[in-house]
Engineer: 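A single structure is presented below for examination.
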Amino acid sequence: MAIACRPFGQGPQVSVFTLGTMRALGSVQQMYDVAQEAFFAGINHIETAPAYGPAEVFLGKVLQRLSNEGKVPSNGWIITSKLLPGLSFKEGQRQLLGILSRVGISKIDNLAIHGINIQSHLDWALKGEGSDLIRWAFDESLIGQIGFSSHGSQSLIKRAIESDQFQFCSLHVHLLDPEKIPLAKLALRNGMGVMAISPADKGGRLQDPSQTLISDCDPIPPIQLAYRFLLAEGISTLTLGASQPNDLELAKNLANNDTPLTSVEQNSISNLRIKAKQRLGKTFCGQCRSCLPCPKDVPIPELLRLRNLALGHDLMIFSKERYNLIGKAGHWWEQINANECARCQQCLPRCPNNLSIPDLLEETHSLLSDAPERRLWG
Ligand code: SF4
Ligand code: SF4
């Protein structure tokens, strides 16, 4: 079976699904079973990272075994791994050589700088020791191309895309959170590859959707609709973290669906959005970001997006999970929750939807916070 492949920056083409190795860490055999199924499904792109514990070592052994068995995609496996920004030149050299040694390769196709989340990370890659490291890795033919992932602001991601330093990027683009689609399209126009970060799990735990979401997407399962939406938007490849061969079933079924959205799919997406807006009524946040900046740095759109998901799509578990992570994940996620709103009202005249933002933030906090705290103003 062959899954469609798409251009990916200046490197070899990659399958529209990418096998993520973060969920097959129980044993070498588990990763072998998943990687073998990926081969049968026509997947040629595997994503790993030093941070996934034994993943790179397991992958090295699995690739060797698959090669001995002749189970290698026609143009070989394409491998992506990651380095964190901020490393010294010497430490970066040591870590890159460590990746190559663990995976058992002399050159890695795609190296991503993982988590360009703040400006100093981008500076490191463009003009700091990271820039020296990238140049050295190219000069030594240790990498095929360089990319980045980011959980940072839209403006930071735009600067990274327009820097001409990177040939691919990994972004949070999702059916239920399409705000970064324009950035993905900018990257594609600039000749970059774009990988969607975990569109099922990070896109709303779509592997375990609410009944409301299932019925809004009917007749198409939410996870399938999410994959088809991203592929139709032109995203190069979607990561899929499989823990068992069955997890790749949907990728196999969608192998020949690399086509524009059908009218049934378009209707499902439209119905999904209409139903969510109806449930939210006049409290729907359109994510335009006009309310910013807030003097207390409250990330109003991000918090009201979680409210949109919780009340519009009944994604309460996912929304609570994300809300209660605020302030606990460093620069990987928001630092300030809705409880910090001081009701100064500066955002009110800027909202085109005339939302009563402080009231909605208060409601969001009571709805999603696991440990409700007393409001600062009362
Ligand atoms: S009312 Fe709250 S959210 Fe709005 S600007 Fe003031 S502190 Fe920020
Ligand atoms: S201005 Fe209003 S609609 Fe736009 S993101 Fe802010 S709260 Fe939402």
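All values below come from the heavy atoms of this structure, side chains included, with hydrogens, waters and symmetry mates left out.
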Engineer: Report yes or no: do Leu175 and Ile214 belong to one cluster of Ile/Leu/Val/Met/Phe/Trp/Tyr joined by side chain heavy-atom distances under 4.5 Å?
Structural biologist: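 Leu175 does not cluster with Ile214.
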Engineer: Would you please say whether a donor-acceptor pair under 3.5 Å links the side chains of Arg159 and Gln119?
Structural biologist: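 Side chains of Arg159 and Gln119: pair found under 3.5 Å.
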Engineer: According to a hydrophobic-cluster definition based on side-chain heavy atoms being under 4.5 Å apart (Ile, Leu, Val, Met, Phe, Trp, Tyr only), do Phe148 and Ile78 belong together?
Structural biologist: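 Result: no, two separate clusters.
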Engineer: So, Glu69 versus Tyr32: side-chain donor-acceptor pair below 3.5 Å or not?
Structural biologist: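 Yes, side-chain donor-acceptor contact under 3.5 Å.
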Engineer: Under 4.5 Å between any side-chain heavy atoms of Thr212 and His313, yes or no?
Structural biologist: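 Result no, sub-4.5 Å side-chain heavy-atom pair not found.
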Engineer: For the NZ atom on Lys61, are there more than 12 heavy atoms of other groups (residues, nucleotides or ligands in this structure) within a distance under 6.0 Å?
Structural biologist: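 No, NZ of Lys61 has 12 or fewer neighbouring heavy atoms, counting only those of other groups under 6.0 Å.
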Engineer: Could you tell me which residues satisfy ring pair (Phe, Tyr, Trp, His ring centres under 6.0 Å) with His172, sequence neighbours excluded, listed by chain and number?
Structural biologist: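 Result, ring pair (Phe, Tyr, Trp, His ring centres under 6.0 Å) vs His172: His151, His174.
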Engineer: Check whether any side-chain heavy atom of Asn75 sits under 4.5 Å from a side-chain heavy atom of Pro12, and report yes or no.
Structural biologist: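 Counting from C-beta outward, Asn75 and Pro12 never come under 4.5 Å.
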Engineer: Looking only at side-chain N and O atoms, does Glu334 offer a donor or acceptor that is under 3.5 Å from a partner on Tyr323?
Structural biologist: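 Not at all, the side chains of Tyr323 and Glu334 share no donor-acceptor pair under 3.5 Å.
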Engineer: For the residue pair Thr48 / Ser81, report whether a side-chain donor-acceptor contact shorter than 3.5 Å exists.
Structural biologist: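 There is no such pair between these side chains.
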Engineer: Donor-acceptor pairs are to be reported for all side-chain atoms of residues 178-197 against protein atoms at under 3.5 Å, with residues two or more places apart or in another chain.
Structural biologist:
{"residue": "Lys185", "atom": "NZ", "partner": "Glu233", "partner atom": "OE1", "Å": "2.6"}

Engineer: Out of curiosity, does Ile43 fall in the hydrophobic cluster containing Val62 (side-chain heavy atoms, cut-off under 4.5 Å, transitive links)?
Structural biologist: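 The answer is yes; both residues are in one hydrophobic cluster.
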Engineer: Is it possible for you to check whether Arg273 lies under 6.0 Å from the centre of the six-membered ring of Phe229, through NZ or CZ, and within 45° of that ring's axis?
Structural biologist: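 Positive - Arg273 is close enough to the ring of Phe229 and near enough to its axis.
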Engineer: Give a yes or no on whether a salt bridge exists between Asp201 and Arg23, defined as a side-chain N under 4.0 angstrom from a carboxylate O.
Structural biologist: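 Yes, charged N to carboxylate O under 4.0 Å.
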Engineer: Ignoring hydrogens and geometry beyond distance, is a side-chain donor-acceptor pair present between Thr283 and Arg307 at under 3.5 Å?
Structural biologist: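 Yes, a side-chain donor-acceptor pair sits under 3.5 Å.
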Engineer: Of all the heavy-atom pairs spanning Lys328 and Asn324, show the shortest one and how long it is.
Structural biologist: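 Minimum heavy-atom contact is NZ-O, 2.8 Å.
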Engineer: Who clusters with Val57? Use side-chain heavy atoms, under 4.5 angstrom, across I, L, V, M, F, W and Y, and order the result by chain and number.
Structural biologist: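 Val57 shares its hydrophobic cluster with no other residue.
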Engineer: With heavy-atom distances below 4.5 Å as the criterion, would you say the side chains of Leu368 and Leu303 are in contact?
Structural biologist: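 Leu368 vs Leu303: side chains apart.
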Engineer: Looking just at side-chain N and O atoms, do Thr80 and His45 make a donor-acceptor pair shorter than 3.5 Å?
Structural biologist: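 Their side chains do contain a donor-acceptor pair, which is all the 3.5 Å distance test asks for.
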Engineer: Say whether Gln244 and Asp33, considering side chains only, have a donor N or O and an acceptor N or O under 3.5 Å apart.
Structural biologist: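 No.
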Engineer: Can you list the steps and then say if Glu340 with Lys296 is a salt bridge (Lys or Arg N to Asp or Glu O under 4.0 Å)?
Structural biologist: CA-CA 7 Å; Glu340 297 299 319; Lys296 290 287 189 179; 5.9 Å; no
Engineer: Would you please classify the geometry between the Tyr227 ring and the Phe17 ring as parallel, tilted or perpendicular, with 30° and 60° separating the classes?
Structural biologist: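 Phe17 vs Tyr227 ring planes: perpendicular.
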Engineer: Do the non-hydrogen side-chain atoms of Leu261 and Ile269 ever get within less than 4.5 Å of each other?
Structural biologist: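 Yes - at least one pair of side-chain heavy atoms lies under 4.5 Å apart.
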Engineer: Can you measure from OG1 (Thr364) to CG (Leu306) and round to the nearest 0.5 angstrom?
Structural biologist: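 Spacing of OG1 (Thr364) from CG (Leu306) equals 8.0 Å.
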Engineer: Under a plain distance cut-off of 3.5 Å, with no hydrogens placed, do Ser263 and Asn267 share a side-chain donor-acceptor pair?
Structural biologist: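 Per modelled atom types, Asn267 and Ser263 side chains form no pair under 3.5 Å.
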Engineer: Linking I/L/V/M/F/W/Y whenever their side-chain heavy atoms sit closer than 4.5 Å, directly or via other members, would Phe138 and Ile79 fall into one cluster?
Structural biologist: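 Same cluster.
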Engineer: Under a 4.5 Å side-chain heavy-atom rule over Ile, Leu, Val, Met, Phe, Trp and Tyr, are Leu63 and Leu142 clustered together?
Structural biologist: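 Yes; Leu142 is reachable from Leu63 via cluster members.
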Engineer: Taking the side chain as every heavy atom from C-beta outward, state whether Cys5 and Val16 have any pair of such atoms under 4.5 Å apart.
Structural biologist: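 Cys5 vs Val16: side chains apart.
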Engineer: So which of Cys285, Cys347, Cys341, Pro293 actually passes side-chain contact (heavy atoms from CB on, under 4.5 Å) with Ile300?
Structural biologist: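 Option passing the side-chain contact (heavy atoms from CB on, under 4.5 Å) with Ile300: Cys347.
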